[in-house]
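A, B, ... follow the sequence lines: proteins, then strands. Residue 1 opens every chain. Here the structure is a predicted model, which means the values were calculated and not measured.
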Amino acid sequence: MTENTQTEHPAAADDVTFGDFDVHPDIVAALADAGIVHPFPIQAMTLPVALSGHDIIGQAKTGTGKTLGFGVPVLNRVIAPGDPGYADLPAPGAPQALIVAPTRELAVQVAGDVETAAKRRGIRVVTLYGGRAYEPQIDALKTGVEVVVGTPGRLLDLAGQKHLNLGYARTVVLDEADEMLDLGFLPDVERLLALTPAGRQTMLFSATMPGAVVTLARRYMTQPTHIRAMHEDGDNQHTVKAIEQFFYRAHAMDKVEMLARILQARDRGRTIIFSRTKRTAAKVVDELTERGFNAAALHGDLGQGAREHSMNAFRKGTVDILVATDVAARGIDVDNVTHVINYQCPEDEKTYLHRVGRTGRAGNTGIAVTFIDWDDMPRWGLINKALDLGVPEPEETYSSSEHLYQQLNIPTDVTGRVGAPRRPTSPREKGAQLRIGVRRAVTSAASARSGRDRSAVVVVLARAPAAARRRPTGHDRPGGGPGGGGRCRGRAPGADPALAGGGAGGS
DNA sequence: AAAAAAG
């Protein structure tokens, strides 16, 4: 009945370290190896409660360290091979913890982050997901593992084949919990939970946690403590940090051209382009490739090999543009994603928040651009209202608009068609194609941005608190330091996190 | 209504 709710910000002072908590020294050391010393607010708030074995509903904004928020306590409860009590376990080698994620790529990423923290403890982590051969996964289970990370289908599959024994998984985590408890996933998740022990510790994490989901979640939990690390002075409680958000009316005929222009933005790092359908994602990646951009696709029509190839190329930097469906909307954490472009308007406000949350991570700034065509107006209206964005209407803008150039810091000498379409003769040549003939402009980013028309909403939120700034591991983990890209305007370094810029309405 | 998740 009673649900404890913690909403306060912990005193996240710079001198708080993982070593201050009751965490195994080998885990503290492994984190330190990865340059992770100071816990983020969600981690500091969660640790004591999780270590005491309580159920947790953990909510924190995108890019603020949720993965280690559950990863560290999960590992800390594991009895590792070589530990005194290991031989006395009822089933040594059977998974002691289960972490479930909604997409394969996220499962892989989370497993990697957990492995980083597990390294010095000799804890074995296996990732179980579809689209890949069974044998290696089954072999790992036969050898014995302590932590399983996976997606629902393959987990149930392997459990059904008796290769996976979840009967001793006394810690269970649902990452992106609101998604996992959504209609599409709920039946599978229920089946999975039914295979785990009754007295298990259950932890749910997400940046979005609607009240209805919390209510539903209680059915699978025991007196959960609701921990929300959402508050930063004056912020809107939705997005974190400095994400500048732009909304443009875009006409179907002009969308590709607008996109190609936005990709000319100065200081553009990695960019994720979202579409609502697999077909559109495929179309956009073709258009961009034809124009000489280095783009890769990520969606469910691709084989798992191709999906992971795209993901790896994007992480490595071989390609700097990822064109994806909402398969990439949640959790995916890649450094230096400076731009998120919603080529198609997201379906709802949750998807919007998760998509734009691929940028502006780790105290870095980010730019999010959303195209809204006529059909999107109802969707847009709901998002605008739900998030209280305060934008009366998306701005009317074309690929040739000065607004576009100025607001998005696109060199003004980009004229005519961007990226002459031309069929490359070979894949090799494709890669070697020039990236558009844009003259290097001397104007600095700062001056180009000053004096621009600000009729689109500009939401500039605070960076993570000082204590939280360091290079962490894990999705939803801020990385980088205070190294501020100069877009977090309006507040002095070290000032209280605060809403630094507000939206100004167009007409 | 789409995408995701087993094959």
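Within 4.0 Å (heavy atoms only), A:Arg307 reaches sugar-phosphate atoms of the nucleic acid but no base atom. Using a 4.0 Å heavy-atom distance criterion, A:Asp188 is classed as making no nucleic acid contact. Among the heavy atoms of the strands lying under 4.0 Å from A:Tyr134 are primed sugar atoms or P, OP1, OP2 only; no base atom is included. Residue A:Gly184 is in base contact, counting any heavy-atom pair closer than 4.0 Å across all strands shown. Within the nucleic acid shown, A:Gly131 comes within 4.0 Å of sugar-phosphate atoms alone, with no base atom in reach, counting heavy atoms only.
Residues satisfying the ring pair (Phe, Tyr, Trp, His ring centres under 6.0 Å) criterion with A:His251, sequence neighbours excluded, are A:Tyr398.
A salt bridge is defined here as a Lys NZ or Arg NE, NH1 or NH2 lying under 4.0 Å from an Asp or Glu carboxylate O, and A:Asp254 with A:Arg261 fails to meet this definition.
Taking each heavy atom of A:Gln304 and A:Gly131 in turn, the nearest pair found is CB-O, 3.3 Å.
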Side-chain polar contacts of residues 89-103 of chain A - donor-acceptor pairs under 3.5 angstrom, sequence neighbours left out - could you list them?
residue: A:Gln96; atom: OE1; partner: A:Ile79; partner atom: N; Å: 2.8
residue: A:Gln96; atom: NE2; partner: A:Ile79; partner atom: O; Å: 2.9
residue: A:Thr103; atom: OG1; partner: A:Leu106; partner atom: N; Å: 3.2

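Both the sub-6.0 Å distance and the 45° axial angle are not jointly satisfied by A:Arg200 relative to the ring of A:Tyr220.
A 4.0 Å heavy-atom criterion places the boundary nucleotides of DNA chain B facing chain A at B:dA1 to B:dG7, written 5' to 3'.
More than 12 heavy atoms of other residues, nucleotides or ligands shown are found within 6.0 angstrom of NE2 on A:His163.
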